[in-house]
Enquirer: 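Before we start, here is the structure in question, set down as structure tokens.
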Amino acid sequence: MIKELAGETQWLEAYPVMNELRTNLDQGAYLGLLREMNAQGYKMLALYDEGRIVALAGVIMMTNFYFGKHVFVYDLVTKASERSKGHGETLLDYVHQYAKENGCQTVALESGFARVDAHRFYETKMGYRKPGFSFTKTL
């Protein structure tokens, strides 16, 4: 079962799984950022198996010149003990359907250079392509 998490009780339930991806965030920072992100349209989707969260996707619907109306996946993580069971594929398929139902032509995401296994999954299994690089500057 996949459902959108709403409110701090459910967000806290998801924290241990999200923390496997976002290891730099303690629980307080996670909640503070999540409150702001949620107010801007961010949604956290959880995949449950036997009543436990096994995978998460953090998404937002946006419009820009590059992709038009699209869903951007900020976070995609499967609990370490649950990997290679199809959970990431199930969540991304759900996101793809959500995007289509909302008039989007594209789902976009970014992934760090070191996440080679994730890149292989996105490109080979899920049909994503790499159109460019993302650049940041710390101020």
Side-chain angles (χ1 to χ4, degrees):
M1 168 183 62
I2 296 173
K3 72 177 189 178
E4 180 183 343
L5 302 183
E8 293 193 14
T9 300
Q10 292 180 339
W11 296 343
L12 284 170
E13 180 187 3
Y15 174 72
V17 177
M18 184 61 77
N19 191 238
E20 290 188 28
L21 178 65
R22 306 295 178 208
T23 57
N24 60 314
L25 298 176
D26 64 28
Q27 188 171 291
Y30 162 81
L31 281 177
L33 289 168
L34 190 45
R35 286 183 201 110
E36 285 185 53
M37 292 160 53
N38 186 254
Q40 296 171 10
Y42 176 94
K43 298 178 184 307
M44 186 178 291
L45 307 171
L47 173 61
Y48 286 82
D49 185 31
E50 297 182 10
R52 300 172 301 116
I53 295 174
V54 295
L56 296 167
V59 302
I60 192 166
M61 196 172 316
M62 304 180 349
T63 303
N64 61 27
F65 291 124
Y66 191 70
F67 295 123
K69 185 176 181 185
H70 66 283
V71 171
F72 192 87
V73 180
Y74 281 109
D75 312 289
L76 182 67
V77 59
T78 299
K79 188 174 177 180
S81 62
E82 297 293 324
R83 293 194 181 132
S84 298
K85 296 182 180 180
H87 299 313
E89 183 176 359
T90 299
L91 262 177
L92 274 182
D93 284 343
Y94 184 92
V95 170
H96 298 162
Q97 189 59 40
Y98 168 77
K100 286 179 190 175
E101 289 171 0
N102 285 281
C104 298
Q105 300 287 322
T106 303
V107 173
L109 57 82
E110 294 180 358
S111 182
F113 287 121
R115 300 194 66 226
V116 175
D117 290 339
H119 303 167
R120 188 172 27 261
F121 167 72
Y122 296 135
E123 291 177 299
T124 305
K125 183 103 175 171
M126 301 305 299
Y128 282 70
R129 62 183 187 82
K130 290 187 274 192
F133 289 102
S134 188
F135 294 89
T136 64
K137 179 177 178 155
T138 302
L139 304 176

Enquirer: Indicate if L45 and Y128 have the same hydrophobic cluster label, given that clusters are the connected sets of ILVMFWY residues with side-chain heavy-atom separations under 4.5 angstrom.
Expert: yes

Enquirer: Are F72 and Y94 joined in one hydrophobic group, where the rule is that I, L, V, M, F, W and Y side chains link up if heavy atoms are under 4.5 Å apart?
Expert: no

Enquirer: Please report the closest heavy-atom contact between L76 and A57, naming both atoms and the distance.
Expert: CD1-CB, 4.0 Å

Enquirer: Looking only at heavy atoms, what is the nearest atom pair of A14 and Y30, with distance?
Expert: CB-OH, 3.8 Å

Enquirer: Are there over 12 heavy-atom neighbours, none belonging to Q105, within less than 6.0 Å of that residue's CD?
Expert: no

Enquirer: Is there a side chain to side chain contact (heavy atoms under 4.5 Å, CB included) between K43 and Y98? Walk through the geometry before answering.
Expert: CA-CA 12 Å; K43 298 178 184 307; Y98 168 77; 3.1 Å; yes

Enquirer: Please report the shortest heavy-atom distance between V59 and V71, naming the atom on each side.
Expert: CB-CG1, 3.8 Å

Enquirer: Quick one: pull up CG in L31 and CD in E36 and give me the separation to the nearest 0.5 Å.
Expert: 12.0 Å

Enquirer: Under a single-linkage definition using a 4.5 Å side-chain heavy-atom cutoff for Ile, Leu, Val, Met, Phe, Trp and Tyr, are F67 and M62 assigned to the same hydrophobic cluster?
Expert: no

Enquirer: Can any side-chain N or O of D26 pair as donor or acceptor with the backbone N or O of G28 at less than 3.5 Å?
Expert: yes

Enquirer: Could you pull out all residues at least two apart from E8 that satisfy side chain to side chain donor-acceptor pair (under 3.5 Å)?
Expert: R35

Enquirer: Rounded to the nearest 0.5 Å, what's the gap from CD on E20 to CG on L56? Could you check?
Expert: 9.5 Å

Enquirer: With rounding to the nearest 0.5 Å, note down the distance linking CG in L34 to CH2 in W11.
Expert: 4.5 Å

Enquirer: Considering all heavy atoms of both residues, which atom of E13 and which atom of G51 are nearest to each other, and what is their separation?
Expert: OE2-O, 4.4 Å

Enquirer: Which heavy-atom pair separates S134 from E110 by the least distance, and what is that distance?
Expert: OG-OE2, 3.0 Å

Enquirer: Is there a chain of hydrophobic side chains (I, L, V, M, F, W, Y, each step under 4.5 Å between heavy atoms) that links I53 to Y74?
Expert: yes

Enquirer: Would you list the pairs meeting salt bridge (charged side-chain N to carboxylate O under 4.0 Å, His left out) in which at least one residue belongs to residues 122-133, sequence neighbours left out?
Expert: E89-K125, E123-K130

Enquirer: Applying side chain to side chain donor-acceptor pair (under 3.5 Å), can you list everything that pairs with N19, at least two apart in sequence or on another chain?
Expert: Y15

Enquirer: Hey, what do you get for CZ (R83) to CZ (F121), rounding to the nearest 0.5 Å?
Expert: 11.5 Å

Enquirer: Considering only residues two or more places apart or on different chains, which pairs with a residue in residues 93-103 satisfy salt bridge (charged side-chain N to carboxylate O under 4.0 Å, His left out)?
Expert: none

Enquirer: Main chain of T78, side chain of E82: is a donor-acceptor contact present, judged purely on distance under 3.5 Å?
Expert: no

Enquirer: Tracing side-chain links under 4.5 Å among I, L, V, M, F, W and Y, which residues wind up in one group with F133?
Expert: F113, F135

Enquirer: So which pairs with a foot in residues 55-81 pass salt bridge (charged side-chain N to carboxylate O under 4.0 Å, His left out), sequence neighbours left out?
Expert: R22-D75

Enquirer: Can you hop from V73 to M18 via hydrophobic side chains spaced under 4.5 Å?
Expert: no

Enquirer: Calculate, to the nearest 0.5 Å, the distance between atoms NE2 and SG belonging to H96 and C104 respectively.
Expert: 11.5 Å

Enquirer: What distance separates L92 CG from M126 CE, expressed to the nearest 0.5 Å?
Expert: 4.5 Å

Enquirer: Over all heavy atoms of both residues, which pair between Y42 and G58 is shortest? Give the atoms and the distance, please.
Expert: OH-CA, 3.2 Å

Enquirer: Ignoring hydrogens and angles, tell me if any N or O in the side chain of H119 forms a donor-acceptor pair with the backbone of G112 under 3.5 Å.
Expert: yes

